[in-house]
Every structure is written in structure tokens, then in C-alpha cells.
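Heads up: the structure comes next, in C-alpha cells.
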Amino acid sequence: MSEQTTVSAEPMATEEPAAGPSPWSRLFLGGVGHNLGLVAVLALLAVVGVATADTFATTANLLTILTSASIIGVITVGATFVIIGGGIDLSVGKLMALASVWATTVATQSFGPWVMVLCALAVGAAGGLLNGLLIAYGRIVPFIVTLAMLISAQGLAERISGRRSQIVTDPTIAAIATTRLLGIPLLVYLFAAVVAIGWVVLNRTTFGRRTFAIGGNPEAARLAGLDVRRHTAALYVVSGLCCGVAAIMIASLTTTGSSTHGTLYELDAIAAVIIGGTLLSGGRGTLVGSILGVLVFTTITNLFVLNNLDTDVQNIAKGAIIVAAVLVQARARRSTP
Amino acid sequence: MTSLLTVRGIVKTFPGVRALDGVDLDVAEGEVHCLLGQNGAGKSTLIKVLAGAHQPDAGELTWAGRPVAFPSPHAADAAGIATIHQELDLVPGLSVAENVVLGHEPSRLGFTRLRDAEALTRGLLLRLGHPEIPPRREVGRLSAAGQQVVSVARALARRARLIVMDEPTAVLDPNEVRNLFRVVRELTAEGVSVVYISHRLEEIREIGDRVTVLKDGATVARDLPARTTPTAEVIRLMTGRPVEHAIPPPSAPPGDEVVLEVEDLAGADFRGVSFTVRAGEVVGLAGLVGSGRSEIVETVYGARRATAGTVRVRGRALRTGSVAAAVRAGMGLCPEERKSQGLLLHESVARNVSLPALGRFARAGFLGPDAESGAARAVMARLDVRPADPSRPVRTLSGGNQQKVVLARWLLHGGGVLLLDEPTRGVDVGARGEIYALIRQLAEQGVAVVVVSSEIPEVLGLADTVLVVREGRVVHTAPAAELDEGKVLDLVMGAAHV
Ligand SMILES: Nc1ncnc2c1ncn2[C@@H]1O[C@H](COP(=O)(O)OP(=O)(O)OP(=O)(O)O)[C@@H](O)[C@H]1O
Ligand SMILES: [Mg+2]
């Protein structure tokens with residue numbers, strides 16, 4: 001009767017602390033505490049970094065890590081919402097590419113930076129809305145809908161750009177990536193702002209609460225009177241909007257809008273969410289975990305670059321580290337009460 | 001009587017709860033041993049220990065004269081213990097036959113012999129009085145009662161020496177209960193032992209040989225004779241106090257204002273259903289499992305699309321097929337299956353309870369960290385949900401307490417129409433009385449209540465008006481005062497016409 005083991009084999013994972021003594025310790029227990037495994041992996045990577053590369057522990061390098069985490073990080077925020085809500089979004093990378101292309105056509109650029117930003121957000125939101133409507137009201141599985149979106153967004157981006165990289169000529173947009181406040185790049189602030197907003201929405205609003213409910217048990221949520229379909233559609237819009245923000249960031253960083261941006265970002269984002277402890281089946285997860293997941297990935301890449309290793313070696317190691325992180329994570333959770 | 005299983009001093013703690021605190025139990029060969037106790041007393045936890053699904057912290061098990069430990073469900077299975085768990089644990093995507101033989105597939109050279117499995121299943125289902133369940137049907141598509149029958153069949157297929165049944169009759173109707181009891185008697189005649197858990201004391205009296213009573217995780221009485229121990233005594237042992245378990249009569253007749261009007265409603269499995277519920281009135285739907293009762297209330301609620309007819313709340317027609325509209329109009333439904341339809345198992349009690357009323361605790365969509373826990377605590381106290389901690393994940397609550405959480409949700413929401421589908425399923429005698437009193441109290445406050453129940457005395461005791469449903473039609477409508485149990489049973493079964 002093997003299936004009966006599920007009764008006890010269930011990890012005591014996201015059990016909330018009964019009554020946290022203070023909000024801070026609760027945040028720690030709820031967010032970071034359950035991600036001790038990831039924190040440990042990050043610490044280990046840092047030790048390896050310091051040991052193998054003199055430049056690893058410099059401020060400049062740490063800011064490089066954060067900057068390269070910022071774009072995939074913003075996308076991961078959206079992906080976390082979708083996955084906690086019981087869905088999956090494979091279209092994120094190419095939706096970002098499409099938004100970056102549309103926002104950087106000669107015509108769009110002629111209207112100035114605000115229109116470029118609005119254009120990127122609108123393209124992301126519209127793509128997300130189309131995903132959401134097809135999934136929620138058309139009742140097609142998210143995997144298929146967003147895979148189709150990935151392909152079409154790629155095609156549309158190529159068509160608009162004529163497969164060329166479009167140079168960002170607008171100085172304001174170009175300046176986003178080069179501006180620093182108090183020595184920290186503006187991109188990092190943007191990343192932090194999106195994470196902060198995402199955290200508040202997920203943990204402190206009815207929208208976030210309902211996202212957990214719908215991912216955890218859609219039938220129970222429906223019978224409790226939640227509009228499950230509208231909410232599901234909204235989750236893909238959130239993801240699309242994050243792609244729009246990321247599009248502006250990548251256009252600024254690379255000074256181009258291109259259909260080649262964001263290739264395989266969907267896998268990086270999903271991997272970060274999953275090693276961050278969010279259930280792929282929905283209903284449980286934390287944004288803090290996802291962000292730690294992103295930081296683990298970007299730190300690995302950084303280590304390889306500093307040590308001049310090839311990308312093929314990088315990818316082999318990355319796969320191994322994903323599995324190791326999840327193992328450590330699962331163990332750490334079982335031992336936290 | 002030779003002893004088959006002896007349990008001594010079992011202790012099992014979960015973070016923050018001592019679920020078992022010194023349990024003793026003796027099961028003899030060929031007897032039906034009943035395990036009684038309130039919701040949360042530890043019955044299910046004990047049988048999970050026997051099934052190898054939980055590891056005890058202390059205590060001893062003796063099996064057929066030898067000390068044993070069951071480190072895994074597989075070990076318990078190999079020793080000859082089969083368990084029918086309270087929460088159904090079938091694999092919904094597999095067929096009936098595949099579920100029945102799961103883990104013991106008859107095979108040759110590694111290939112499952114599906115034909116053998118199906119023949120075996122067909123035989124078992126026939127024995128259980130359900131030849132109509134096709135062995136190839138996907139389990140997820142069976143009714144709750146059908147699934148219960150399949151899990152009994154699975155336990156029988158094991159040819160175990162001890163079969164543990166955790167509230168097997170909660171979803172069964174009287175006919176099916178009779179079938180199950182016949183099979184239990186056949187088993188005990190062959191020397192198989194049965195541990196039987198139920199909150200229906202009349203069943204204990206009918207099928208049980210000896211009774212062991214648990215209270216707060218400890219054995220308080222052992223090996224009482226099931227037939228001769230007075231009910232009041234058993235209840236006192238379980239609850240530690242004498243409990244009134246009769247249904248209180250209504251103190252005032254219902255008002256005149258019609259709150260809920262259902263007119264000529266039809267759905268996939270029923271048609272031509274019309275009834276009204278006035279403020280303060282309780283309307284009961286009696287019928288067999290599968291007669292269409294649940295489909296009717298779910299359609300009234302908008303959870304299923306109506307093919308014809310209208311539903312009005314206080315004179316305003318509801319949009320068909322929209323639960324959100326029904327909830328806005330003040331309706332609430334406690335669904336038949338709390339686990340799959342009612343609860344967010346991994347979320348806290350507070351979050352489960354506040355779900356439909358969440359907007360009320362928010363300011364412009366923003367919620368404080370524990371916005372609703374005060375309100376949740378208050379409704380939990382009113383229903384005596386145990387443990388009374390709103391931050392505890394619902395999945396760690398006992399079955400009966402989970403049921404109360406679903407009720408608490410609508411108590412907190414506080415609309416004018418309450419639809420209750422099997423509201424006391426799996427609820428202990430004490431809590432059952434509290435739920436009855438609560439339904440009365442809500443009715444007196446002017447709530448229109450619709451109750452679906454397989455227990456005819458419950459429908460008759462609670463309802464002002466009873467609708468008897470058979471094969472998707474309302475075959476009889478009458479004031480409860482004009483009916484009695486025998487009459488309703490006849491109508492429900494279709495054996496006689498009045
Ligand atoms: N996995 C778990 N984690 C924490 N506490 C648990 C867990 N399982 C059970 N409990 C607690 O153990 C106690 C006993 O629960 P159990 O399910 O055994 O009760 P029960 O007697 O079967 O009740 P019911 O009649 O309602 O089914 C309860 O207080 C319950 O909350
Ligand atoms: Mg139980």
C-alpha cells in the first residue's frame with residue numbers, strides 16, 4: 001500500500017510558526033528560515049569564490065552579480081505569482097524580447113522615453129492577458145498556451161525587428177543602466193522595488209492571499225466564492241507586466257531591443273522558483289526563496305566567468321547545483337520545526 | 001478468545017500536540033473491536049501507527065504473540081493489517097481495478113495481468129453488493145460512496161488478518177451500510193479481526209463486540225461489551241460529561257418572508273425541482289447517495305450550471321453558474337467533501353475561515369499580518385474547534401474539526417442562506433449536538449437553511465419541511481411533523497408510494 005506513505009512522508013515544510021515573538025523573527029522564520037538550505041548554498045559559493053578568485057569579494061564584483069540578477073529577478077517575481085497560483089508561464093523570456101523590440105522601434109523611440117516604457121509594459125501586459133484569457137476562459141492547459149505564446153512572441157519580435165538588433169538611441173532609456181545612486185546601479189534599485197512590491201502584494205493583500213488559495217485548492221476556492229478564472233487571468237497579466245519591466249531594463253543594459261533577448265529565461269525563472277521552495281503544483285511558496293534562487297544562479301555564473309570556465313562546463317555544474325540545492329533545502333526544512 | 005494485537009502505552013507527539021498519550025488496545029481474533037472517542041481524541045493517529053504510517057515515540061505493539069514494529073506501511077501490510085483510512089486515499093487517475101490491486105498487482109514477467117485484477121475486483125464488488133461499479137472506471141469519476149466501496153474492496157483484496165476501518169460509513173447510505181455489515185460478519189466468521197471506528201453509536205451497538213474509548217489521546221475504558229454498555233455511559237466516557245444529543249425542537253415557527261426560491265431547476269442529473277425557503281426555515285433534502293441531492297444544492301449555489309430554471313434570493317434572480325454571485329447574494333455552501341471541495345489543507349485555520357469574507361479584513365486590498373485571526377478565533381470558539389489555535393494548518397486537525405472549520409467559514413461570512421451538505425459527517429456526538437444547536441440558532445436569527453443528509457433522523461429532527469429526492473426528482477414534499485423514519489425510508493428507496 002505504497003500510497004499510504006504519503007500520510008506521513010509529507011514534509012512539515014511550510015508549517016507556520018505558532019506565534020512568532022516579533023514580526024522580524026517571523027519574517028526570518030517564514031522567509032529566510034525555510035530557505036536555510038539556499039542561504040547555506042550561497043555561503044558555500046561565496047567561500048569558493050573567495051578561494052578561487054581575488055576579485056570575487058570586491059564591491060564592484062558584488063554589484064555585477066546583483067546587476068546581472070536584476071533582469072531575471074524581475075521576471076522571477078512574476079513567475080512566482082503564476083506558479084503559486086497553480087500555473088506555469090513559459091513565455092516570459094520571449095515576451096520580454098518582444099516588448100524590448102516593440103519599445104525600441106524607430107517609431108516608438110520617436111515619441112520619447114515615457115512612451116517606450118509604456119509600450120514595453122503594454123506589450124507585456126497584453127501578452128500576459130492573452131495567456132490568461134486562453135487559460136482561464138478557454139480552458140487550455142497553461143503549458144500549451146504559454147509555449148505557443150513563446151513561439152509566436154519570438155516570431156513577432158523577429159518580424160518587427162527584421163531580425164536585427166535595434167539600437168536604443170533615446171538617452172534617458174540608455175541612461176537607466178549607467179546611472180548609479182549612492183554607488184549602486186539604478187537597475188538594482190528597480191529589481192529591489194519590484195521584489196518589494198511583489199512581496200507586499202503576495203503577503204499583505206487579498207490578491208496574494210487568493211493566489212495561494214487558488215493554487216492550493218481551486219475547487220475549494222471556487223466554492224468559497226472566489227472568481228477563480230478572473231484571478232487566474234490576472235496572474236498572467238502580473239507575469240506579463242514583469243516581462244515589460246524587464247524589457248526596459250535589458251534594452252537599457254544592452255542598448256538594444258532584440259528578438260534574441262531572454263532565450264531560455266523561462267527555464268532559469270522556473271528553476272529559481274522551484275529551488276526557492278515553491279511547489280510546482282501551486283499553493284505554497286515564498287518570494288524570498290525565489291529571489292535567493294536567482295542569486296544562487298547568478299553567483300554560479302559569476303564564479304565561472306571569474307575563473308574563465310567555458311559555458312558548457314557552467315551548464316553541467318548548474319544542473320548539478322540545482323539538484324544539490326533542492327536536496328539541501330529539503331533536508332534543512334525537515335529539521336526546522 | 002486468542003489475542004491478535006495488543007497495544008500498550010503508545011505515545012505520539014506532533015509539534016505542539018500530544019496526539020497519543022498512553023493508548024492501550026486489545027484486539028482478539030475474529031472480533032469487531034470498536035474504537036470510540038471525540039473528534040481529535042487520537043483514533044486516526046492510532047490507526048496510522050498500526051498501519052505503519054506514523055512511528056510512535058513510545059509504547060509496544062504485540063502482533064500474534066510477538067513484539068513488533070511497523071516502520072513502514074509496507075511492513076504493516078506484510079504482517080497482515082489492511083487499513084481503510086478516514087480520508088480516502090485512492091489514486092483518482094487509476095481505474096477501480098488498478099486501485100484495488102495497487103502494490104499487489106498480479107503479474108507475470110513484470111507485466112500486470114489486468115484481466116486477473118479486473119476479475120478479482122469484480123468478485124469483491126459483487127460481494128460488497130455493488131456489481132454495477134465497472135472495474136475499468138476511473139476512480140476519480142465515482143461518487144464519494146462509490147470510492148468508499150472501492151477502498152473497502154481494496155482492503156478485502158489484501159486477505160489481511162486485521163482490517164482497520166476509520167469511519168467507513170460516513171458517506172454510505174443505509175443499504176450500503178447493511179451490505180458492509182454483512183461483509184464484516186462474514187470476515188469475522190472466518191476469523192478475521194476488524195477495528196471499527198464510527199461516530200454513529202447505533203452502528204457500534206449493531207456490529208461491535210467490544211469497545212475501547214479514547215479521550216485526549218489516552219485509553220479511558222477498555223473492552224466494554226458493545227451491546228450492553230448504556231449509550232449514556234459511553235458518551236460520558238468519551239466526553240467526560242453527560243451530553244444532550246437530541247436535536248432541539250424549533251422554538252418559534254419560521255417567518256413569512258421567502259428568502260430562497262428555486263423554480264423548476266434542472267441540471268444534468270435532475271429536473272423539475274422547485275421549493276422555497278423562508279427566513280428561519282430549515283428545509284431538508286432526504287435521499288440516497290447518488291439520488292441527486294448534492295447536485296441540486298450545488299446547482300442552486302451556482303457551482304454547477306443549470307440547464308433550466310431560476311434561483312432567486314430575496315426576489316432577485318441569480319446569474320446561473322456563478323458561485324461568486326451566489327456568495328454576494330448571501331449564500332454559503334458546506335460541500336459534501338470537505339477535503340477536496342472545502343479546505344485549503346496546507347493553509348492555517350484562520351485563512352480557511354476567512355476566505356469568502358477576506359475583503360472585510362482588508363483596507364483597500366491590504367491585509368495586516370494577522371488581520372483575521374481575532375475573528376477566526378471567535379467563530380472557532382463558537383463551534384469549539386480544537387485545538388483553538390487559528391494559526392495551525394488545517395491538515396493537522398482531526399476530521400471532525402476540519403468539518404467545523406468549513407462551517408465556521410460561513411458563520412463568519414454570515415449570509416442569509418446556508419446550504420449544508422452532510423453537515424455532521426464525521427462529527428462526534430458532542431459536536432453534533434453543538435452543530436444542531438447552531439443550525440437552530442441561525443434559523444432563529446432568520447437564516448434560511450437547506451440541509452442534505454443521509455441520516456434520516458437528522459433530516460426529520462432539523463427540518464421544518466422535508467423534500468424526498470429519488471433519481472433526480474423530488475418525489476415527496478411534506479412538513480417534517482407528518483413524516484416518520486420508516487415512511488421516509490420507503491420513499492427514499494422507492495419501495496412504496498404514499
Ligand atoms: N500531522 C499532524 N500534525 C500535527 N498534529 C496532528 C497531526 N495529525 C493529527 N494531529 C493532532 O492529533 C490529534 C488527534 O487527531 P486524530 O486525527 O487522531 O483524531 P480522531 O480521533 O481521528 O478525530 P476525528 O473523529 O475527528 O477523526 C488532534 O489534536 C490533531 O490535531
Ligand atoms: Mg479520525
Side-chain angles (χ1 to χ4, degrees), chain A residues 1-20 22-24 26-27 30 84 86 200-231 279 281-285 334-337, chain B residues 14-16 48 51-55 72-74 76-77 82-83 85 87 89-91 102-104 154 158 298 301 303 322-324 326-328 331-333 335 340-348 351-352 354-356 358-359 361-362 365-369 389 391-393 395-396 409 413:
Chain A
M1 286 192 269
S2 54
E3 72 287 351
Q4 284 176 7
T5 45
T6 53
V7 173
S8 64
E10 212 169 280
M12 293 277 173
T14 53
E15 209 135 297
E16 264 165 62
S22 81
W24 280 113
R26 199 176 314 179
L27 175 68
I84 289 178
V200 168
V201 172
L202 192 59
N203 296 295
R204 288 286 182 273
T205 67
T206 52
F207 184 87
R209 201 62 91 61
R210 289 177 181 146
T211 303
F212 280 100
I214 284 168
N217 189 343
E219 176 68 358
R222 188 176 78 98
L223 290 180
L226 307 200
D227 193 333
V228 175
R229 286 188 287 183
R230 196 175 62 195
H231 196 98
L279 284 188
S281 54
R284 278 199 286 178
R334 223 160 288 157
S335 56
T336 42
Chain B
F14 294 110
K48 281 179 193 162
H54 282 331
Q55 297 313 309
S72 68
H74 183 77
D77 188 35
T83 308
H85 285 283
E87 308 295 355
D89 55 355
L90 302 168
V91 184
L102 195 66
H104 296 257
R154 187 171 67 176
R158 296 288 179 272
E298 284 173 15
Y301 190 57
S322 165
V323 175
V327 172
R328 263 196 308 276
M331 272 202 220
L333 168 75
S340 64
Q341 299 183 295
L343 295 168
L344 311 170
L345 286 170
H346 293 293
E347 300 267 13
S348 68
R351 291 183 172 204
N352 271 277
S354 65
L355 197 57
L358 196 57
F361 301 102
F366 285 90
L367 289 161
D389 173 6
S391 68
R392 183 170 275 282
R395 85 189 137 78
T396 68
R409 170 185 294 169
H413 185 251

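The sequence lines fix the lettering, A, B, ..., with proteins before strands; numbering per chain opens at 1.
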Measuring heavy-atom distances to chain A, does [X] have an atom under 4.5 Å in its side chain, in its backbone, in both, or in neither?
X	value
F361(B)	neither
L343(B)	backbone
S354(B)	side chain
R328(B)	neither

Where do [X] and [Y] come nearest, in terms of heavy atoms and distance?
X	Y	value
T206(A)	L367(B)	N-CD1, 3.7 Å
A213(A)	L344(B)	O-CD2, 3.5 Å
A224(A)	P356(B)	O-CB, 3.2 Å
E347(B)	G283(A)	OE2-O, 4.2 Å
R210(A)	L358(B)	NH2-CB, 3.9 Å

Side chains of P369(B) and R204(A): does their closest heavy-atom pair fall under 4.5 Å?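 Contact flag for P369(B)/R204(A) side chains = yes.
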Is the shortest side-chain heavy-atom distance between F366(B) and V200(A) below 4.5 Å? yes
Separation of N217(A) CG from H346(B) NE2 (nearest 0.5 Å):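 So the gap between those two atoms works out to 10.0 Å.
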Atom CZ in R209(A), atom CG in L355(B): separation rounded to 0.5 Å? 9.0 Å
If you count heavy-atom pairs under 4.5 Å with chain A, which of A362(B), S340(B), S322(B) comes out on top? S340(B)
Using a 3.5 Å distance criterion without hydrogens, assess whether the side chain of R222(A) forms a donor-acceptor pair with backbone atoms of A303(B). yes
For V201(A), is it the side chain, the backbone, both, or neither that has a heavy atom closer than 4.5 Å to a heavy atom of chain B? neither
